[in-house]
Amino acid sequence: MRTITWVGPRGQKKTSQVVPGQALRDIARGTGVPIKYDCENGKCKTCEAKVGNGRAKICVTKAPDKDVTIEWGLRQK
């Protein structure tokens with residue numbers, strides 16, 4: 001099991017215990033993290049978040065095999 005720490009736009013935090021390879025979209029929904037989605041296939045970037053030191057589209061990304069912090073609700077540039 002791994003831990004995902006979700007950090008929202010106002011600094012609010014929630015944590016999830018996950019199995020590597022689970023869909024981040026499903027984990028977010030199950031944890032009550034209100035990430036917005038438009039296309040649900042990664043093209044629109046609405047759900048893009050900072051995952052560790054990189055960025056990922058939550059609708060199509062799987063949970064990594066390590067503990068990670070995900071900052072969601074970031075403004076698009």
What's the shortest heavy-atom distance between [X] and [Y], and which atoms?
X	Y	result
Cys44	Cys39	N-SG, 3.3 Å
Gly42	Lys57	O-CD, 2.7 Å
Cys47	Cys59	SG-N, 3.2 Å

Using a 3.5 Å cut-off and no angle test, enumerate the donor-acceptor pairs between side-chain atoms of residues 18-35 and protein atoms at least two apart in sequence or in another chain.
residue, atom, partner, partner atom, Å
Gln22, OE1, Val19, N, 2.7
Arg25, NH1, Glu40, OE1, 3.2
Thr31, OG1, Ser16, OG, 2.6
Thr31, OG1, Ile27, O, 2.8

Notebook entry, point to check: Can you hop from Ile4 to Tyr37 via hydrophobic side chains spaced under 4.5 Å?
Noted result: yes
What distance do [X] atom [atom1] and [Y] atom [atom2] have between them, rounded to the nearest 0.5 Å?
X	Y	atom1	atom2	result
Ile70	Lys14	CD1	NZ	14.0 Å
Glu71	Thr5	CD	OG1	11.0 Å
Trp72	Gln12	CH2	CD	5.0 Å
Asp67	Met1	CG	CE	11.0 Å

Next item on the list: Could you tell me whether the side chain of Thr3 reaches within less than 4.5 Å of the side chain of Gln17, counting heavy atoms only?
Entry: yes
Checklist line | Partner set under side chain to side chain donor-acceptor pair (under 3.5 Å) for Asp38, not counting sequence neighbours | finding: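 Testing Asp38 for side chain to side chain donor-acceptor pair (under 3.5 Å), a comparison that skips the adjacent residues, returns Thr46.
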Note to self: Are more than 12 heavy atoms, taken from residues, nucleotides or ligands other than Asn53, located less than 6.0 Å from that residue's CG atom?
What the structure shows: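 For Asn53, atom CG is not crowded (no more than 12 foreign heavy atoms under 6.0 Å).
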